[in-house]
Amino acid sequence: MRLDKLLANMGYGSRKEVRQLLKKGVVRVNTETVKDAALHIDTDKDEVTILGEKVVYKEFIYLMMNKPQGVLSATEDLRDRTVIDLLDAEFRHFEPFPVGRLDKDTEGFLLLTNDGKLAHNLLSPKKGVPKTYFAHIEGIVTEEDVERFAEGVILDDGYETKPGRLVILKSAPVSEIELTITEGKFHQVKRMFEAVGKKVVYLKRLSMGPLSLDKGLDLGANRELTAEEIALLEELA
């Protein structure tokens, strides 16, 4: 990879700004000062430093976010804040995007990446990647609902969902449940409960595939996935 492209990709400025850095003689490759923007770098072998600081090259970035309510699962919007707006500049320059979506009023686990192939595989209906949600439900959730969800329910547009695993945590006028589904139709969790005469009043995604929401992440916070977590996603995809 060309040196100027590598540095630009890693957030050190535009190609033009990177060339200015090179002219100042602050960039070294394998301990030698380099000013040639077109120099080709082997990202696996060559060591690049700027003012003595090592440049760690990454092609892809993988982030876990605890999405808050009121924020869109989108890359840009003219009116509302998006999950990208919550990221630090060091992550934004990789141009990540949300893998799937959470409704504006839904909280919880959201994966962001710029790895299009992995994202496509995780979202493929053929993969049936499980997603687990916690919810408050207006209405008493019963074992009959558990059975209906296990069979698949018919949504308002006539679509019959795949079986879902409903666990009742609290059966009351406002019930608490966990629901695991393997597809992601528009407003699916809300529409599944509407199909059995109940209403979701709070919704939070707890997990996607092998990854669960980091309990140490505050609402709106994010962190990079560990190497082990990335390996689990790649194995699933």
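Keep in mind that what you see is a predicted model, and the values were worked out from it rather than measured.
Hydrophobic clustering (ILVMFWY, side-chain heavy atoms < 4.5 Å, transitive): L87 and L72 are in distinct clusters. Both F149 and V200 are part of a single hydrophobic cluster, where members link through side-chain heavy atoms under 4.5 Å apart. L217 and L203 sit in two unconnected hydrophobic clusters of ILVMFWY residues. Membership requires side-chain heavy atoms under 4.5 Å apart, directly or through other members. Hydrophobic clustering (ILVMFWY, side-chain heavy atoms < 4.5 Å, transitive): I230 and L123 are in one cluster. The hydrophobic clustering, which links ILVMFWY residues whose side-chain heavy atoms are closer than 4.5 Å, places L112 and L118 apart.
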- Trace of the side-chain contact (heavy atoms from CB on, under 4.5 Å) decision for K23 with K35: CA-CA 6 Å; K23 286 181 180 178; K35 296 186 178 182; 5.7 Å; no

- Take L21 and L7 through the test side-chain contact (heavy atoms from CB on, under 4.5 Å) and record every step on the way to the result. CA-CA 10 Å; L21 274 178; L7 295 178; 5.6 Å; no

- Query: Run the side-chain contact (heavy atoms from CB on, under 4.5 Å) check on K199 and E194 step by step: do they pass?
  - Reply: CA-CA 6 Å; K199 182 180 179 182; E194 287 172 0; 5.8 Å; no

- Task: Test M192 against L166 for side-chain contact (heavy atoms from CB on, under 4.5 Å), laying out the working first.
- Result: CA-CA 11 Å; M192 288 179 76; L166 176 61; over 6 Å; no

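No donor-acceptor pair under 3.5 Å is formed between the side chain of H187 and the backbone N or O of K185. For the pair T75 (side chain) and F97 (backbone), a donor-acceptor distance under 3.5 Å is absent. Judged purely by atom type and a 3.5 angstrom limit, D214 uses its side chain to pair as donor or acceptor with the backbone of G216. In this structure a side-chain-to-backbone donor-acceptor pair under 3.5 Å is missing from N222 to M64. A donor-acceptor contact shorter than 3.5 Å is absent between the side chain of R81 and the backbone of V71. Remark: the backbone N or O of F109 is paired with a side-chain donor or acceptor of R205 at under 3.5 angstrom. Without hydrogens or angle criteria, E17 side chain to S14 main chain gives a donor-acceptor distance under 3.5 Å. Not one N or O on the side chain of D88 forms a donor-acceptor pair closer than 3.5 Å with the backbone of E90. Looking only at distances, a side-chain donor or acceptor of D145 sits under 3.5 Å from a matching main-chain atom of T142. Counting only distance, with no hydrogens or angles, the side chain of D85 and the backbone of T82 share a donor-acceptor pair below 3.5 Å.
Between the NZ atom in K215 and the CG atom in L206 there is a gap of 9.0 Å [rounded to 0.5 Å]. Rounding to the nearest 0.5 Å gives a distance of 8.5 Å between NZ of K204 and CZ of F134. With rounding to the nearest 0.5 Å, the separation of CD1 in I137 from CZ in F193 is 4.0 Å. Atom-to-atom distance recorded for R191:CZ and L155:CG is 4.5 Å, nearest 0.5 angstrom. Distance check, rounded to the nearest 0.5 Å: CE of M65 to CG of L111 gives 10.5 Å. Between the CD1 atom in I41 and the CG atom in L3 there is a gap of 5.0 Å [rounded to 0.5 Å].
Using a 4.5 Å cut-off on side-chain heavy atoms (C-beta onward), E95 and N114 make no contact. By the 4.5 Å heavy-atom criterion applied to side chains, M10 and V48 are not counted as neighbours. Residues V146 and E143 meet the side-chain proximity criterion, which asks for heavy atoms closer than 4.5 Å. A heavy-atom distance below 4.5 Å is found between the side chains of Y133 and I181. Side-chain contact between E76 and I84: absent, with no pair of heavy atoms (C-beta onward) separated by less than 4.5 Å.
With sequence neighbours excluded, the residues satisfying side-chain hydrogen bond (donor to acceptor under 3.5 Å, both in side chains) with Q188 are E183.
Minimum interatomic distance between V129 and L122 (heavy atoms only, all atoms of both residues): CG2-O, 3.3 Å. Minimum interatomic distance between L236 and P210 (heavy atoms only, all atoms of both residues): CD2-CD, 3.6 Å. Here the shortest heavy-atom pairing between V141 and S175 reads N-OG, 3.0 Å. The two residues A119 and T113 come nearest to each other via the heavy atoms CB-CG2, 4.3 Å. Between T182 and K131, the shortest heavy-atom distance links the atoms C-NZ, 4.3 Å. R92 approaches P96 most closely through the heavy-atom pair O-CD, 3.8 Å.
Within a 6.0 Å sphere centred on CZ of R165, heavy atoms belonging to other residues, nucleotides or ligands number 12 at most.
Between K190 and D105, at least one side-chain N (NZ, or NE/NH1/NH2) sits under 4.0 Å from a carboxylate O, which counts as a salt bridge.
Legend: side-chain hydrogen bond (donor to acceptor under 3.5 Å, both in side chains) pairs involving residues 58-73, not counting sequence neighbours, sorted by first then second residue: K58-E224, Y62-D115, Q69-E107.
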